[in-house]
Protein chains: 4
Amino acid sequence: MDYVNGPGRNHLFVPGPVNIPEQVLRAMNRNNEDYRSPAVPALTKTLLEDVKKIFKTTSGTPFLFPTTGTGAWESALTNTLSPGDRTVSFLIGQFSLLWIDQQKRLNFDVDVVESDWGQGANLEVLASKIAEDRSHTIKAICIVHNETATGVTNNLATVRKILDHYQHPALFLVDGVSSICALDFRMDEWGVDVALTGSQKALSLPTGLGIVCASPKAIEASKTAKSVRVFFDWSDYLKFYKLGTYWPYTPSIQLLYGLRAALDLLFEEGLDNVIARHARLGKATRLAVEAWGLKNCTQKEEWFSDTVTAVVVPPHIESSEIVKRAWKRYNLSLGLGLNKVAGKVFRIGHLGNLNELQLLGCLAGVEMVLKDIGYPVKFGSGVAAASAFLQNSTPLIPSRI
Amino acid sequence: MDYVNGPGRNHLFVPGPVNIPEQVLRAMNRNNEDYRSPAVPALTKTLLEDVKKIFKTTSGTPFLFPTTGTGAWESALTNTLSPGDRTVSFLIGQFSLLWIDQQKRLNFDVDVVESDWGQGANLEVLASKIAEDRSHTIKAICIVHNETATGVTNNLATVRKILDHYQHPALFLVDGVSSICALDFRMDEWGVDVALTGSQKALSLPTGLGIVCASPKAIEASKTAKSVRVFFDWSDYLKFYKLGTYWPYTPSIQLLYGLRAALDLLFEEGLDNVIARHARLGKATRLAVEAWGLKNCTQKEEWFSDTVTAVVVPPHIESSEIVKRAWKRYNLSLGLGLNKVAGKVFRIGHLGNLNELQLLGCLAGVEMVLKDIGYPVKFGSGVAAASAFLQNSTPLIPSRI
Amino acid sequence: MDYVNGPGRNHLFVPGPVNIPEQVLRAMNRNNEDYRSPAVPALTKTLLEDVKKIFKTTSGTPFLFPTTGTGAWESALTNTLSPGDRTVSFLIGQFSLLWIDQQKRLNFDVDVVESDWGQGANLEVLASKIAEDRSHTIKAICIVHNETATGVTNNLATVRKILDHYQHPALFLVDGVSSICALDFRMDEWGVDVALTGSQKALSLPTGLGIVCASPKAIEASKTAKSVRVFFDWSDYLKFYKLGTYWPYTPSIQLLYGLRAALDLLFEEGLDNVIARHARLGKATRLAVEAWGLKNCTQKEEWFSDTVTAVVVPPHIESSEIVKRAWKRYNLSLGLGLNKVAGKVFRIGHLGNLNELQLLGCLAGVEMVLKDIGYPVKFGSGVAAASAFLQNSTPLIPSRI
Amino acid sequence: MDYVNGPGRNHLFVPGPVNIPEQVLRAMNRNNEDYRSPAVPALTKTLLEDVKKIFKTTSGTPFLFPTTGTGAWESALTNTLSPGDRTVSFLIGQFSLLWIDQQKRLNFDVDVVESDWGQGANLEVLASKIAEDRSHTIKAICIVHNETATGVTNNLATVRKILDHYQHPALFLVDGVSSICALDFRMDEWGVDVALTGSQKALSLPTGLGIVCASPKAIEASKTAKSVRVFFDWSDYLKFYKLGTYWPYTPSIQLLYGLRAALDLLFEEGLDNVIARHARLGKATRLAVEAWGLKNCTQKEEWFSDTVTAVVVPPHIESSEIVKRAWKRYNLSLGLGLNKVAGKVFRIGHLGNLNELQLLGCLAGVEMVLKDIGYPVKFGSGVAAASAFLQNSTPLIPSRI
């Protein structure tokens, strides 16, 4: 049943799926249940209420789809838009590219704004497009909050400012897959219309829940959106929400209890502390990369991602060799470079239920792999840079004071 | 984290989700993994090979979608058909109704063949439609193998015979959600083009895998089918199959290992023995119902289902009271009557990882609930009828001889 | 890793180890921890406080030994007695016999009061011995509350009355292995000096905790008792209790968290309700035995045990065949007859985390096994007798009302 | 149910209990079973056969006591010795001290050979005692293979040489608690008569199994040894071994399956590779300590332990502050200094299921804690020293090549 065991723990530093806390594994270690008994709706009710907090929304309506992030994308789009609708979408890396591909296949008229991989969404182009669009042909702005392939975080507040400045009614659809529960995300404040994430990312659950949250404006839009949808249709959910039974089809009992445990852990730590922890681990990683003499794929500080760092390797090195060797020799799982940056970057995911010493173990591992591969790294250099920062900034664990 | 505990074990007799064996729970009790490491594709490869066995196909191509049965339906339809295509579909209960509803919303031209709830699909009507359809306007026959709402099993071999008799090229799409791994199902022999099931049914896993298997003809059809699809698109999977990485988006690591364990258990028991066990438990249940003086919702023996029995209650009794009381007093989960048979039937699911004594405990519980509710059952009557049959027909556990 | 799988769940009806509730399995599903961190002592403190409740004592001192019931016996004896001390001990079945054997090997002067297996302790003999012992040569009365081999419950209140009547200072040592948390047990009220149980019995945990509770008088006795002891010595524990670190050597982290969960479940159900549930299941079992025309090994109603029933089989039947067949054909685990009653009785354990339908499934299974083995049982007869009683006496599950 | 959570994983670097691999947690995640069914003896048989391999014995007899290391000590002593027997025992740290204390309380005549804490057993003194003891008053040599309190490994081969040189028949009793499965240990080759370990040490299980292995000579001695014993008596086990039922009292089902999984992992990795891994991690730790400018408590290289390193802190630092802070701020569990070295050393356990990056994370954590506490450590220094060595010496994971 187990393949390719290594001694000791796997060091999981891909930018998802991430480490699941023991508390969540425990909560999920259970038999199936009848989801039509009173117990499951009662549990679901608390989940729907509490999951809104991770989006920082009070007016949004959440949906817990038994799907992945790709399915959550599809749900966001098909419930709010009609075939032929114009969307403005930013191509800045592999995941925004895949979303754009989906938008095209769903027959929207996608207005692609492309940037170099390693740059953020070009919001100046957005501003000019919005300014020009007096007839409101743009129906939606589609943007990833954090591009997982390049480690680039986009500025969502600015998107909102642009829309507001021109009083443009376009829907504001956000892929928060590698941001929500890890980066500062404010659905209500930024006027996001649909935000979504996947359970295997910063929520630190197994894959299987595509969590979508819709603003009242998005719900309104869903009433007239003509895209064909059944499995991903919000209206079926809304019907069952009203009935108080919540589920149009069978949910995963285990993931529901797991989500309960995951939310409890997040709230116990405090969502702001969780975000601060990600900021701390992101900064520490970047300091290490710098100490190694390597470049961050992300071209400007304003776009630095606190959930994933894409590290550029020197031209004579093939980055996939680093990933392969890390796994084969040190039981360390790093992220590959994808598509345009394949072979050129490797990625360190630092999101989800993670702490300082886990990260430092990873950084020490990366140093050894770099040496293995022929890069003249100075042992301990990255760890030292990260440690100096972390020793200065890590708070005591509140529950242990 | 736990709601509404009762002492002792929950007796789960809804027709899905069903009991998960301890071996599967154990296999799933694990952290996430990088699905791009060599380990996950290696595991996936064995799963795709072995999962074909539960469909009894060698030529089919299986897909393990991170979804539910509803999603599996959508995948079956959208990959093989185009908007406007004529389907013949049989309405015989709540789940066939929901599938028909989906077919309509996906813009197919659904030719509905309705039967009384409690009857099987009217295959004589099918025969005449097929006979008349010389221009082959019918693109697909959509049929549930086992209607979970009424406990009716349809005769798939006859469907094939009809199609063959008239040399009709319609695709043959089968919902095997409450049949596959429990009832005799022969994809290749019966020329089924798409068959599908959900992990939480007879496979005895948590919800989360929609397993779809496509014949070469169905794969061929998918190349020209014009229904819009992205998440459920087979072509993305086929692309990754060729690459040997298998996954276009993140799978649930836990469900993959769980599926491995579930298949190992099925093969260890022997698929034919598993089917024989379901036949035995189904028969025992029906004998109990008869002994209680109650009617099976299924109107003829040829349609009797070995995975679920819908029991008709006398007119003065509200069947949902039975379900409610079973759960509140005896920690017994029974299935409600749905839609047209709401209040009129309750359902006993007897599928998945289940044995004789579990069923007898359930039957004894039903007797007590019937008494509670005012029905003059003779204590022990159903159990006696079932036991007499089971004591005569249950084999020794092979691994214990 | 798994041996001799059968389909479906194992029906565990030996009188220990018993079924572990899912909540407890979950709580135990965890990595090791440093037991010298502040967390483990904090947990231990609540456990020691709460575990007193299952003994119904406020003045007792509990010890959680990493051992089994046999070790707990040894701890009870060696901490309170010196070699050569006279004990009065009752031989009424295999477990009292084993305890007596231990007492002898520990060099006590054991005054054995023997009864027929199937009878309770002869308390008249005790009364006369106590009456005669004016010089107080008897240092301890050793008695099993519930003899697991024969299903006999002794009357502890009477023992106390006898001692009080003669103002005899003998220590009152009680094996509560198959009684505590299941039968009415009152350490303080009955003036029990040492009571003990094992985690795998009515507490419904894995084996591994020998739980011993000592009265102030027993603690006092331990200061002068000369029996050699180290691992089982209370004084080491008491030293660490004072330090607030609690553990003289490494405890099982998993069992501590498991015990926390087990106690929480017991308190949530209510200890009195737990005892009432055992009374109900015990009575139902006896009614079934009677309906089958078989005899209870326990000779008088006053001794009937609510945790285990030893069923006498007709002379021409070998009871171990019943046990063997139950396991091989029905995945049902029953208890063997031991020693003097080997071959003559089989045992149904009905203790721990168990409910009505589980028991009825077992009883239906026993009926089939009896038939298998050639005993002319009437199918459904035992189940009917038990159901009629249970349907009348089972309360609603409080958390579900 | 959970206390004092911190985000991310606990870094468990006490020298026991150690990290449990996921495979073992999974294997233990199960309900109780009847230990008198054929399945448990069949499992036990393989365990008893395979557990001999970790002792490197073919002639020894293993016992799996439901106890801790302290109980295993007691079993080793009481089964082979009689009150008044002279033992030679080496006091070199807290655990040898506790074993000596036990020997005294069990009424042996303990001839204590004391060394400074940080030194190994003084085998020259042993040689002279053996030389002088022509009348063979010394019945046993009692020695810890690895003193967990100071990180000192004794040379067992030399002990055997001394005994052989003088043809002295004393029994050779070895505490292998923090050595077996981690350090080179050769029961047969070194003529060890009783060796023992605890499950929570290098076997990487929960606490609960005291594993004792007896040579034929020790078994012979047990037949005449007069120490009082019941729970720890080998003869009861031997009786049940002959019967093929193996257990004189209830074992922990979960630990048996856990032991199976633990042994499987050890054998898959290869016992020699496991030992080499410990050597590698031990060496890396010592290099880090040196790089920090701190002293190893162990005074000579010949005694360096590959399972635990006791680090001496400068006089102005209180080592318990380091342990406390590591836990409170970095979720890092280090070992306290005990007794004579309390406040003066802290300990890093590096045994059991552990790999390079886990250790490097720990070392990076220690650096931060040292800084916290005011010691002028150079960040990255220890990690660099360790990494340089590990990068040079770590093999590829065989199953991944």
Side-chain angles (χ1 to χ4, degrees), chain A residues 1-4 10 12 14 16-20 25 27-39 42-43 66-71 73-74 83 101-102 105-107 198 200 206-208 227-233 248-255 257 260-261 264 327 333 335-336, chain B residues 1-4 10 12 14 16-20 25 27-39 42-43 66-71 73-74 83 101-102 105-107 198 200 206-208 227-233 248-255 257 260-261 264 327 333 335-336:
Chain A
M1 290 296 306
D2 282 298
Y3 298 81
V4 290
N10 173 250
L12 186 58
V14 295
V18 306
N19 292 292
I20 305 174
L25 285 179
M28 295 186 61
N29 183 36
R30 63 174 65 231
N31 195 12
N32 282 327
E33 276 183 45
D34 175 19
Y35 73 104
R36 293 291 180 220
S37 88
L43 169 60
T67 189
T68 68
T70 302
W73 279 346
E74 191 158 327
D101 176 63
Q102 187 185 65
R105 288 161 70 183
L106 291 171
N107 297 322
Q200 82 278 19
T207 306
S227 292
V228 169
R229 60 196 182 270
V230 182
F231 181 78
F232 290 119
D233 200 335
Y249 37 68
T250 321
S252 162
I253 297 298
Q254 291 73 19
L255 282 170
Y257 284 98
R260 183 67 269 161
D264 287 346
W327 190 72
S333 297
L336 286 164
Chain B
M1 288 298 305
D2 283 297
Y3 298 81
V4 290
N10 173 252
L12 186 59
V14 294
V18 307
N19 291 291
I20 306 173
L25 285 179
M28 296 185 61
N29 183 36
R30 64 175 63 229
N31 194 13
N32 281 328
E33 275 183 44
D34 175 18
Y35 72 105
R36 293 291 181 220
S37 89
L43 169 61
T67 188
T68 68
T70 302
W73 280 346
E74 191 158 327
D101 175 61
Q102 186 186 65
R105 287 162 69 183
L106 291 171
N107 296 322
Q200 82 279 17
T207 306
S227 291
V228 170
R229 59 197 183 272
V230 183
F231 181 78
F232 291 119
D233 200 335
Y249 37 69
T250 320
S252 162
I253 298 298
Q254 291 73 20
L255 281 169
Y257 284 97
R260 183 67 269 161
D264 288 345
W327 191 72
S333 296
L336 285 164

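Every heavy atom of this structure was used, including side-chain atoms; hydrogens, water molecules and symmetry mates were not. Lettering of chains follows the sequences in order, A, B, ..., and the numbering in each one begins at 1.
Each of Pro206(B), Ser227(B), Ser333(B) has some count of heavy-atom pairs under 4.5 Å with chain A, and the biggest count is that of Pro206(B). Put simply, of Val228(B), Asp101(B), Thr70(B), the one with the most heavy-atom pairs under 4.5 Å next to chain A is Thr70(B). Chosen from Asn32(A), Asp233(A), Val14(A), Val18(A), the residue pairing most often with chain B at heavy-atom distances under 4.5 Å is Asn32(A). Interface remark: of the candidates Pro251(A), Gly208(A), Gly198(A), Gly69(A), Pro251(A) forms the most heavy-atom pairs closer than 4.5 Å to chain B. Options Leu255(B), Leu106(B), Asn29(B), Thr250(B) differ in how many heavy-atom pairs under 4.5 Å they form with chain A, and the most are formed by Thr250(B).
Remark: Met28(B) CE to Met28(A) CE distance equals 6.5 Å, nearest 0.5 Å. Within the model, atoms CD of Glu33(B) and CH2 of Trp327(A) stand 8.0 Å from one another, a figure rounded to the nearest 0.5 Å. Expressed to the nearest 0.5 Å, how far CZ of Phe231(A) lies from OG1 of Thr68(B) amounts to 4.0 Å.
Across every non-hydrogen atom of Arg105(B) and Arg229(A), the tightest pair is NH2-O, 3.9 Å. When all heavy atoms of Glu74(A) and Val230(B) are compared, the pair lying nearest together is OE1-CB, 3.4 Å.
By the 30° and 60° cut-offs, the orientation of the rings of Phe232(A) relative to Phe232(B) is parallel.
Side-chain contact, Asn19(B) with Asn31(A): a donor N or O sits under 3.5 Å from an acceptor N or O.
Between Gln254(B) and Ile20(A), some side-chain heavy-atom pair lies under the 4.5 Å cut-off.
Of the atoms belonging to Gln102(A), heavy atoms from both backbone and side chain fall under 4.5 Å from chain B. Only the side chain of Leu12(A) comes within contact range of chain B, with heavy atoms under 4.5 Å apart.
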